[in-house]
Visitor: 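A single structure is presented below for examination.
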Amino acid sequence: MKTLKALFFVLMSFQSFIMVASAEQVIKGEVLLVGASGDTEPAGLVSVSLAGTGKATETDDLGQFIFDLPSHITFGKTLTFRVQKEINQISWRIWNPIDGTLPLPRSLFVTIKLLPQGSKKFWTDEFIEYYIAKIAEEAKREVRPSMEIPAIQPKIHFGALIKEWASEYGFSSNEAKQQIDQWVAEVKVNQEDVFKLGLAAYVEQQFSKAAELFDTYAENHAKEYAQLMDQAESHRQKAIQGYRKAGDSLYGNYQFEQALKEYEHAPPYIKKEDELELWANLQMDIAQANWAIGVRTKGPALYKHLRQAKTTYSEAGTVHKNLGNMEGWAAAQVGLGNTLSQEGIRVGGKEGQQRLSESMNAFRQALTVYTREAFPQDWAATQNNLGNVRTEQAIRLSGTEGHQHLAQAEEAFRQALTVYTREAFPQDWATTQNNLGNVLTEQGIRTASQEGQRFVGEAVKAFRQILRIRTREESPQDWAATQNNLGNALTAQGIRLGGEAGRQRLIEAVKAFQQALTVYTRKELAPMWAATQNNLGNVRTEQGIRLNGTEGHQHLAQAEKAFRQALTVYTREEFPQDWAATQNNLGNVRTEQGIRLGETEGHQHLAQAEKAFRQALTVYTREVFPQDWAATQNNLGNVYREQGSRYTGEEGGSLLAKAIRAFEQALKVRTMESTPRPWAQTQVALARTARDIENWEQAVGSFRKVMLLYPDYAEAYHNLYAIFHDKIFAYKKALALTSQWLTNHPNDLVAQTNFAEAHFTTGQFDKTRQQIASLLEKPGVAPSTQIALRLLNIAALLAQEKVHEVPSELGTVRSLLRQQPEEFALEWEFAGSKHFIVQDTRFNSSRDILLPLFEGFEGDKIPNMVLAVANAQTFFISATPRKEQP
């Protein structure tokens, strides 16, 4: 019944972050052999290694290879490949990239070209330039810092270095020296590239001139670099700003996946060490997008996005706290709380409750910074979110603990409304009023008597007030959500009221759901459409239960149709919990239909109900959703009981035994301490079923347990009395039970009659007659009760051998019978009294007349009753001696 917006609107006021886990990178490549004419062919089965990593591999037949890259190697880092290839005793060497060295390309693909040793193609400007620079690097080893500075310019012997290099590529030292000299001459003629001129001077060992040229080269580029860095810094900041604003724009348009992609473009441009706050805020943008995706996503991806958001909010909070930015820390706590609450909503059992508790703690942490005085709007928003998570906790709990959470949720919403007034913040006021209405509805459903009616009445009032702000024209989806919630509140109110007033509320609830469905369509807003169809099915079911005949059947058929509509969206794969809940509701309406219909059609509906409950139990497991599992087991037991009542013999007994097992399963979760009302409902169903199969011990046990919690429960009392007195003949227990009942229900006429009967069957005949006399003096005692009491009085008189008073009582009974209509029935169980008469020796002389007298009244035919009285009268007339005539 909650709406998503209640959790969503708080997040719009702050930035948030997330660490994006990068996938492990691999680099692919190919090795090609370059022929004399420049054509290429794959170099298969070539050994390729990556310097500095210890990684080596071999190319396939197409000359291709692949490496996993260590995590420290990122774009721009230099890679050096080594390749060994021998063909017909000819060695091949890397030509391109020169020396196998290149920066890691963004394409993550490299092409390595090989030439045979001695190929003239090696002699390119780039190749010679690279190796002159390399020779200069190696030549530094000839410098001896410990030596005195020489008086004349020193000479460095390049010969050995050139020879080593030339030999590697299949050339002689002279060939290499000639190529270098030719290159130097060409560079000096062109006089353009300062760096090349420096290399040329270095080769000629004009070190001072080389240093001057390299310094000029460096200064020129340093100045250009400084200018470029200024430009780059500006571009860097603008890139970050642009990506964030692009993400914000897409987020505002509910394009959360695209927004996330934009946000994730920005982190590489942030200098984390120098810009921690900016980095954290950007990461919070990313976390917010992940949260929004997680809320709307189904399946495993949902948990992935929520986990990412949760991790990042925690890290962001740490960063903000370390920077002393407590407001940013509080914002991260709110984001963390919202993420944890969404996880909790989607996870059942102990894990779900744990997430909800963690969410509540996060909101409380935020409230240590977001005080009403310093941050009134943030304080109100966090109070609203705290109320939502309290409501979700309460939905999962029953009994005292559930009521406590609902009361605390109500308090949180009312606190938020002290800031979110209708005049100052109309939309936020409407959102919080909506959440308050939902929690009031839930309180009303759970609370008995007038207090429960007050709750649902306030909920209806709250939703009607909201509809003055949320109009269909200005905010159709919010309007539809409020109509849906109003429908739920009206349904709860209608169930409580009963009678004509309740019927009217249920009609209004149907109209509210139908209004919501003018916006919630299967095409545009399928999940909300399905939820509203499910709610519509529930109110239709309630209407059907209240009505008999054709009209009742029509409502139940419409309820079934609504549930089936919801199941076209609520599939087990995409919405497992909603699917299970709707299957359970469908099972309930099918059960009600089955109870009302004849043998063949009724059996079909009951079989379909059983199937629906079993489907629900594939999701509602005891471990993950214990309360829902127990409720469904209870409903399944009701179906088995109804099915069992329709069969005789072994088949009926088997079904009733299944019902017993289902109720016993439900009671493993439903306890008197944790869920008193559901526990009592299941205990009553178990007791009724045990009574039906004459398992008196189990029936007594369950009815007694119910009376411990609900001592005024009349059904339990009357069943217990009937079992004690007429089934197991525990007369003293029947008397004690009735005595206790009358202490709190002194005006219960049926119990007073039972009291008289229990005194009779415990042999207290004087008290029996006193009780009977007192009852017969009361106005309004039904003729059937009067007759039954007079029969008991006759038995008591005979036990006391007061035979002379019996004919008068029999005459009164006969007179009462003459006044009754033809369809009169006594509706009295004499089994306990007859058993007592058979067993007690005080009836030895009257047993033969009393038993036929009682048995004559156990049917529903007045002639049989009259005949039984007449036979008794004949006996007593013949047994009474006549007075002699004078």
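Throughout, numbering of the chain's residues begins at 1 and tracks the sequence.
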Visitor: Under a 3.5 Å distance rule, please check whether R596 uses its side chain to pair with a backbone N or O of G552 as donor and acceptor.
Guide: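 Absent.
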Visitor: Tell me the closest heavy-atom pair linking A489 and A459, and the distance in Å.
Guide: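 What the structure gives for the nearest pair is CB-CB, 4.1 Å.
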Visitor: Is the centre of the H718 ring less than 6.0 Å from the centre of the F703 ring?
Guide: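 When the ring centroids of H718 and F703 are compared, they turn out to be at least 6.0 Å apart.
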Visitor: Verify side chain to side chain contact (heavy atoms under 4.5 Å, CB included) between K561 and Q558, making sure each step is shown before the conclusion.
Guide: CA-CA 5 Å; K561 180 181 178 182; Q558 288 171 328; 5.5 Å; no
Visitor: Side-chain contact, heavy-atom cut-off 4.5 Å: Q633 with F663?
Guide: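 No. Closest side-chain heavy atoms not under 4.5 Å.
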Visitor: Nearest 0.5 angstrom please: L356 CG to T391 OG1, how far?
Guide: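 So the CG of L356 and the OG1 of T391 are separated by 10.5 Å.
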Visitor: Flag yes if more than 12 heavy atoms outside E451 fall under 6.0 Å of its CD atom; otherwise flag no.
Guide: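 More than 12 within 6.0 Å, yes.
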Visitor: Counting N and O atoms only, with roles assigned by atom type, does the side chain of T571 sit under 3.5 Å from a partner on the main chain of L567, one being a donor and the other an acceptor?
Guide: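 Here the side-chain-to-backbone pair does not exist.
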Visitor: Can you check side chain to side chain contact (heavy atoms under 4.5 Å, CB included) on E673 and W679, steps first, answer last?
Guide: CA-CA 9 Å; E673 296 74 24; W679 170 84; over 6 Å; no
Visitor: side-chain hydrogen bond (donor to acceptor under 3.5 Å, both in side chains), that's the test. Do E358 and Q354 meet it? Break it down for me.
Guide: CA-CA 6 Å; E358 291 171 2; Q354 178 64 29; 3.1 Å; yes
Visitor: Just wondering, do T441 and F463 contact through their side chains at under 4.5 Å, heavy atoms?
Guide: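 The answer is yes; the side chains approach within 4.5 Å.
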Visitor: Run the numbers on L506 and R546 for side chain to side chain contact (heavy atoms under 4.5 Å, CB included), then give the verdict.
Guide: CA-CA 11 Å; L506 296 177; R546 294 184 175 214; 3.8 Å; yes
Visitor: Measure from NZ or CZ of R470 to the centre of the six-membered ring of W479, then state whether that distance is under 6.0 Å and the direction lies within 45° of the axis.
Guide: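 Verdict for W479: no cation-pi partner in R470.
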Visitor: Is a donor on one side and an acceptor on the other found under 3.5 Å between the side chain of R503 and the backbone of G494?
Guide: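 No; zero donor-acceptor contacts below 3.5 Å.
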Visitor: Taking side chain as C-beta onward, heavy atoms only, is L340 less than 4.5 Å from E343?
Guide: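 In contact.
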Visitor: Are more than 12 heavy atoms from other residues, nucleotides or ligands located less than 6.0 Å from atom CD of Q477?
Guide: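 Count not over threshold, so no.
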Visitor: Of all the heavy-atom pairs spanning Y520 and L525, show the shortest one and how long it is.
Guide: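 Taking every non-hydrogen atom into account, CD2-CD1, 3.7 Å.
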Visitor: Let me confirm one number: the CD-CG distance from Q433 to N384, rounded to the nearest 0.5 Å.
Guide: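 Taking CD in Q433 and CG in N384, the distance rounds to 11.0 Å.
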Visitor: For T471 and L467, indicate whether the former's side chain and the latter's backbone hold a donor-acceptor pair under 3.5 Å.
Guide: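 It does not hold such a pair.
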Visitor: Is any side-chain heavy atom of V589 closer than 4.5 Å to a side-chain heavy atom of N585?
Guide: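 Result no, sub-4.5 Å side-chain heavy-atom pair not found.
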Visitor: I'd like to know if E410 pairs up with R390 as an ion pair, taking the criterion as any Lys NZ or Arg NE/NH1/NH2 lying under 4.0 Å from an Asp or Glu carboxylate oxygen.
Guide: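 Answer for the salt bridge query: no.
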Visitor: Donor-acceptor check, side chain of Y620 to backbone of A581, threshold 3.5 angstrom: yes or no?
Guide: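 Yes, Y620 side chain to A581 backbone: donor-acceptor pair under 3.5 Å.
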Visitor: A side-chain contact here means heavy atoms from C-beta on lying under 4.5 Å apart; do E392 and S359 qualify?
Guide: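 Contact flag for E392/S359 side chains = no.
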Visitor: State plainly whether the residues E599 and R646 are in salt-bridge range, i.e. N to O under 4.0 Å.
Guide: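 No, E599 and R646 are not salt-bridged.
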Visitor: Answer yes or no: is there a donor N or O on one side and an acceptor on the other, between the side chain of R670 and the main chain of P678, under 3.5 Å?
Guide: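 Checked: pair present.
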Visitor: Is the CD atom of Q450 crowded by more than 12 outside heavy atoms at less than 6.0 Å?
Guide: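 No, the 6.0 Å shell around CD holds no more than 12 heavy atoms from other groups.
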Visitor: Salt-bridge test for R414 and E458: reply yes if a basic N is under 4.0 Å from a carboxylate O, no otherwise.
Guide: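 Looking at E458 together with R414, the answer is yes, because their closest N to O distance falls below 4.0 Å.
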Visitor: Could you go step by step and tell me if Q514 and K511 meet the side-chain hydrogen bond (donor to acceptor under 3.5 Å, both in side chains) rule?
Guide: CA-CA 5 Å; Q514 289 173 337; K511 290 179 180 177; over 6 Å; no
Visitor: Find out whether N488 and F513 are in side-chain contact, i.e. whether some heavy atom of one side chain is under 4.5 Å from a heavy atom of the other.
Guide: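 Yes - at least one pair of side-chain heavy atoms lies under 4.5 Å apart.
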Visitor: Quick one: closest heavy-atom pair of G587 and A609, and the distance?
Guide: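 In terms of heavy atoms, the two residues are closest at O-CB, 3.4 Å.
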Visitor: What's the shortest heavy-atom distance between Y710 and A680, and which atoms?
Guide: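 For Y710 and A680, the tightest heavy-atom pair comes out as CE1-CB, 3.5 Å.
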Visitor: Grab the two heavy atoms, one from T491 and one from A509, that are nearest each other, plus how far apart they are.
Guide: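 Minimum heavy-atom separation between T491 and A509: OG1-CB, 3.5 Å.
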Visitor: Check the pair Q698, E664 against side-chain hydrogen bond (donor to acceptor under 3.5 Å, both in side chains), reporting the backbone distance first and the verdict last.
Guide: CA-CA 11 Å; Q698 189 167 37; E664 288 174 338; 2.8 Å; yes
Visitor: Working to the nearest 0.5 Å, report the span between NZ of K461 and CD of Q465.
Guide: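 Reported to 0.5 Å precision, the distance equals 6.0 Å.
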Visitor: Would a distance-only check, ignoring hydrogens and angles, find a side-chain to backbone donor-acceptor pair under 3.5 Å from S475 to D478?
Guide: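 Side chain of S475 to backbone of D478: no pair is present.
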Visitor: What is the distance from atom CZ of R641 to atom CD1 of I595, rounded to the nearest 0.5 Å?
Guide: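 Here the interatomic distance stands at 9.5 Å.
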Visitor: Decide yes or no for L440 and Q443: does some side-chain heavy atom of the first lie under 4.5 Å from some side-chain heavy atom of the second?
Guide: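 Answer yes - side chains close enough.
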Visitor: Less than 4.0 angstrom from a charged side-chain N to a carboxylate O is my criterion; do R464 and E508 meet it?
Guide: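 Yes, R464 and E508 are salt-bridged.
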Visitor: Determine whether K310 and Q342 satisfy the following criterion, side chain to side chain contact (heavy atoms under 4.5 Å, CB included), listing intermediate values before the conclusion.
Guide: CA-CA 10 Å; K310 181 174 64 175; Q342 286 299 314; over 6 Å; no
Visitor: Between A516 and T532, which heavy-atom pair has the shortest distance, and what is it?
Guide: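 Between these two residues, the closest heavy atoms are CB-CG2, 4.0 Å.
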Visitor: Considering the options H555, Q565, Q593, which one meets the side-chain hydrogen bond (donor to acceptor under 3.5 Å, both in side chains) requirement together with E560?
Guide: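 The option that passes is Q593.
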Visitor: If I take atom CD from residue E592 and atom CD from residue E542, how far apart are they, to the nearest 0.5 angstrom?
Guide: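 Going from CD on E592 over to CD on E542, the span is 9.5 Å.
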Visitor: Less than 4.5 Å apart, side chain to side chain, heavy atoms only: is that true for T568 and W529?
Guide: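 Counting from C-beta outward, T568 and W529 do come under 4.5 Å.
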Visitor: Looking at OG1 of T689 and CD1 of I660, how far apart are the two atoms once the value is rounded to the nearest 0.5 Å?
Guide: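 Reported value, rounded in 0.5 Å steps: 5.0 Å.
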